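In what follows, residues are counted from 1 in the order of the sequence shown. All ligand and atom numbering here is 1-based and tracks the order in the structure. Just so we're clear, the structure is a prediction, and the values are computed from it rather than from any experiment.
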Amino acid sequence: MNERITPLAIDKKLFKQIGYRLVDDIAEFFDTIQQRPVTTGESPKQIQALLHQTSLPQNGMPVNELFTNATALLLNHSLFNGHPKFFGYITSSPAPAGALADMLAAAVNPNVGAHILSPMATAIEKQTIQWLAEFIGVPTSYGGLLVSGGNMANFTCFLVARTIKAPKSIKEDGINNDVQKLTVYCPKTTHTWIEKAAVLFGLGTKSIRWIDVDNNNKMKNDILEKMIDDDKQNGFTPLIVIGTAGDVSTGAVDDLKSIATICKKHDLWFHVDGAYGIPAAVVPGMQSLFDGIQEADSIALDPHKWLYSPLEAGCALVKNPNHLTETYSSHPVYYNFSNNDEPATLNYYEYGLQNSRGFRALKVWINLQYVGRSGYEKMISDDIKLSKLLYVLAHEHEELEAISQNLSIATFRYIPPEIDKEDNDALNKLNEALLNALQHNGEAFLSNAVVNGKYCLRACIVNFRTTEQDIHELAEIVVRTGRKLR
Ligand SMILES: *Cc1c(COP(=O)(O)O)cnc(C)c1O
């Protein structure tokens, strides 16, 4: 095997040929995305049929054909969250530079678990973390790492919180929560990650204290404090309080400052789930909304949401980086990673749950430099303005009711003249049917929220392609589709 030819190799000429065409196709796709349907609305069966029923190929196929085929399948049968009329969930349009960055990252393929395996990539991730801290307005002394998304970022912080605040033997002895009775506190609006975390890290879902929210979907902090007091009196051991900076349904931001005060008083870990909303702190006029974030022991945020990174990129930040290594570091004999002269060598496997790690930071790092703080400030404040415009349009339209507006999320519902505004049952049914129709017809894509018992249509604008015209057209599409359903 002196001149080894492996089936996987692609010679330089062919690589360029396929690569150039792929880049041409992607450039065309980005340029025409607004002319395509947001989704084809095909059923899982129809989609599966396109792949044909075949077993694992015995032998290889020409790679250029494979790319032709894969490109056609994906560009003709996908939902495009980069479409200017995609407003569902919290899934942003991907920055084109991020797509290129992912290709470069995959080509170099650094394993960002250890510095020695990824010298430049580790340094870039470290700088990215520092910039993200600056972005959201916390000191750059926070430490952290990139993970796959908001769930993983919250899990990463949760286990740190458990390690630091629970009885000190927890790492060795594990948890026995019917005896230890460790509890965590979060607003009722908290994303489902908290239940997975309670299961995953052994506290059990009964340890979660779901705190009521007010009419604006903010945690009622007086009830929070009373619950903590009651639990202490009843032999429970409160550990963690979670505040939300932008809840998934309506974008509400908790009163973080007063949660921080409660945490200090009771010596609890203060975690902020800012997966969606915390990047809005880059907008000068919005900063006061996030007052108290500087006191968070840990923060989760999602560059693959409002920072427009292609999936996947989440980020966990921890105020005292030593708490990360106290939780995650171990030194097996087969790792020869720490005999570097520099004491500050950062091996990211010691900071989180992953061992081998991909180079997620590159796309985030490139975008942060491509548009800078001012670019993000502009894009994020434009998204907020568009969301407010939608709220106003819904408010002004006779057949729409505006329900809520926070950050870049507006909720509203369709109300035909013949249904009484108070008849929530009929309106909930109609709006659910309306949402289903909208999610399949490809003109615009919304998701839903239930706000004070009202089934609402929900538009979250984390989309740098959306224009005022798209918002006006969205209102028309909703009303036209609603009228058809009556
Ligand atoms: C999106 C979101 C999550 C989950 O993040 P993923 O990236 O989907 O894992 C958690 N919390 C909040 C507040 C979110 O907006």
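A salt bridge is defined here as a Lys NZ or Arg NE, NH1 or NH2 lying under 4.0 Å from an Asp or Glu carboxylate O, and Asp470 with Arg465 fails to meet this definition.
A side-chain contact (heavy atoms from CB on, under 4.5 Å) with Leu393 is found for one member of Ile471, Leu474, Leu400 and no other, namely Ile471.
Taking the six-membered ring for Trp, Phe445 and Phe87 have ring centres at least 6.0 Å apart.
At least one donor-acceptor pair closer than 3.5 Å links the side chain of Asp247 to the backbone N or O of Thr250. A donor-acceptor pair is defined here as one N or O able to donate and one able to accept, closer than 3.5 Å; such a pair exists between the side chain of Asn428 and the backbone of Gly453.
Ordered by chain and residue number, the residues placing a heavy atom less than 4.0 Å from ligand 1 are Ile90, Gly149, Gly150, Asn151, Asn154, His191, Trp193, Gly246, Val248, Asp273, Ala275, Tyr276, Asp302, His304, Lys305.
Checked by atom type, the side-chain pair Arg413/Asn424 shows a donor-acceptor distance below 3.5 Å.
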